[in-house]
Amino acid sequence: EVGDEITQAMQPGPGGGYWELMLPETCPDRALLLGMGGGTVANLLARRCPGAQIVGVERDAEVLALAREHFGLSELEQRGHLTIVYADAFVWVAEQVGEAPPSDAPDAPVAPVAPVAPIAEAGERARNADAAAHTDHYDLICLDLFEGGRLAQGALATPFLRQIAALLAPDGTLTVNLMVTGRTPEQLHRLRRVFVVTRELKLRGNLIAHLRLPTADEPLAGPAITAD
């Protein structure tokens, strides 16, 4: 154990997958899912926390169609638990914090959502009580962006993580799905440049990191081990 970080080897949940490990210990009021996939996390969260309002961002139209038809997302939408945004997560997040999207990000239709003010450093979140009261912050953000079985390029880049930090409530939780590989220590290091890791939950080939924003005087990790 280092600081408030705890590493645990977990047993599979009823579904046999890692998705339940993406959920926090307490129910959020507002949750943001970056990478919806088949909607497993959305369904688990709605079942455990029926009062949570969920926004899910997904760029793959075919995946969304299947999830709506076969995995209950349409029902969650009809019940008012879930708002689905058909968009590239990198573009959508950048727009929410008032920054330009990556130049290589693909175009996708984006549902209108009111932007929040940009915050340059994650630590500023903890120092700014007024910003913390903004209604467009999320108590839970789940980052699960994979393409072809690999973490999407740029998902752990510091600029993108700082944008996510600007959307996270001061006492909120970010959960990130990582594959256990030789690069996992480097990936955790990248996360620690912006956030504080509180838990690492390992299940087979997945590692789910739970993170929070740093306090004003809390040290973060140094420069990147390798270039973004």
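All values reported here derive from a predicted model rather than from experimental measurement.
- Shown here are the side-chain contact (heavy atoms from CB on, under 4.5 Å) partners of His210, two or more places apart in sequence or in another chain: Thr173, Thr175, Thr198, Arg199, Leu201, Ile208.
- A distance of 10.5 Å separates CG of Leu32 from CD1 of Ile54, quoted to the nearest 0.5 Å.
- The heavy-atom pair separating Ala46 from Leu76 by the smallest distance is CB-CD2, 3.7 Å.
- Across all non-hydrogen atoms, the minimal contact from Val57 to Ala87 is CG1-O, 3.6 Å.
- Salt-bridge formation is detected for the pair Asp88/Arg59: a Lys NZ or Arg NE/NH1/NH2 atom is positioned less than 4.0 Å from an Asp or Glu carboxylate oxygen.
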Output, in order, the C-alpha distance, side-chain angles, deciding distance and verdict of side chain to side chain contact (heavy atoms under 4.5 Å, CB included) for Phe160 and Leu145. CA-CA 12 Å; Phe160 182 58; Leu145 294 176; 4.2 Å; yes
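- Contact check for Glu77 versus Ile84: side-chain heavy atoms found under the 4.5 Å cut-off.
- Between the side chain of Asn43 and the backbone N or O of Phe71 there is at least one donor-acceptor pair closer than 3.5 Å.
- Ser74 contributes a side-chain N or O that, together with a main-chain N or O of Arg68, makes up a donor-acceptor pair within less than 3.5 Å.
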Going through the distances and angles, do Val176 and Phe195 end up as a side chain to side chain contact (heavy atoms under 4.5 Å, CB included)? CA-CA 11 Å; Val176 182; Phe195 300 96; over 6 Å; no
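- Taking 4.5 Å as the limit, some side-chain heavy atom of Val85 sits within range of a side-chain heavy atom of Val55.
- Remark: Arg190 CZ to Thr158 OG1 distance equals 7.5 Å, nearest 0.5 Å.
- Within the 4.5 Å cutoff, side-chain heavy atoms of Leu207 are placed close to those of Leu188.
- Within the model, atoms CD of Glu186 and CG of Leu191 stand 11.0 Å from one another, a figure rounded to the nearest 0.5 Å.
- Taking both residues in full, the closest heavy atoms of Arg48 and Pro24 are given as NH1-O, 3.1 Å, listed atom of the first, atom of the second, then distance.
- Val41 places none of its side-chain heavy atoms less than 4.5 Å from the side chain of Tyr18.
- The pair Arg162-Glu99 does not meet the salt-bridge criterion, since no charged nitrogen lies less than 4.0 angstrom from a carboxylate oxygen.
- Listed here is the closest heavy atom pair of Ala31 and Pro28: CB-CG, 4.3 Å.
- Hydrophobic clustering, with ILVMFWY side chains joined whenever heavy atoms are under 4.5 angstrom apart, keeps Phe146 apart from Val63.
- With hydrogens and angles disregarded, a donor-acceptor distance shorter than 3.5 Å links the side chain of Glu218 to the backbone of Thr215.
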Trace of the side chain to side chain contact (heavy atoms under 4.5 Å, CB included) decision for Gln96 with Gln163: CA-CA 9 Å; Gln96 303 317 298; Gln163 291 170 352; over 6 Å; no
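- Checked by atom type and distance alone, the side chain of Asn177 never pairs as donor or acceptor with a backbone atom of Asp144 at under 3.5 Å.
- Between the side chain of Arg193 and the backbone N or O of Leu220 there is no donor-acceptor pair closer than 3.5 Å.
- Shown here for Ala165 and Leu213, the closest heavy-atom pair between the two residues is CB-CD2, 3.7 Å.
- Formation of a donor-acceptor pair under 3.5 Å by the Glu58 side chain with backbone atoms of Met36 is found in this model.
- Contact check for Leu167 versus His137: no side-chain heavy atoms found under the 4.5 Å cut-off.
- You'll find the side chain of Leu140 reaches within 4.5 Å of the side chain of Leu45, heavy atoms only.
- Between the CD atom of Glu200 and the CG atom of Leu21 there is a distance of 13.0 Å, given to the nearest 0.5 Å.
- Remark: Leu73 CG to Gln78 CD distance equals 11.0 Å, nearest 0.5 Å.
- A side chain to side chain contact (heavy atoms under 4.5 Å, CB included) with Leu211 is found for one member of Leu143, Val197, Val196 and no other, namely Val197.
- Contact of the Asn206 side chain with the Leu178 side chain is not registered, since no non-hydrogen atoms from C-beta on lie closer than 4.5 Å.
- Between Glu20 atom CD and Arg47 atom CZ the span is 9.0 Å, to the nearest 0.5 Å.
- Counting all heavy atoms, side chain and backbone alike, Ala67 lies closest to Gly37 at CB-O, 3.9 Å.
- Between Leu66 and Leu64, the closest side-chain pair of non-hydrogen atoms is not below 4.5 Å.
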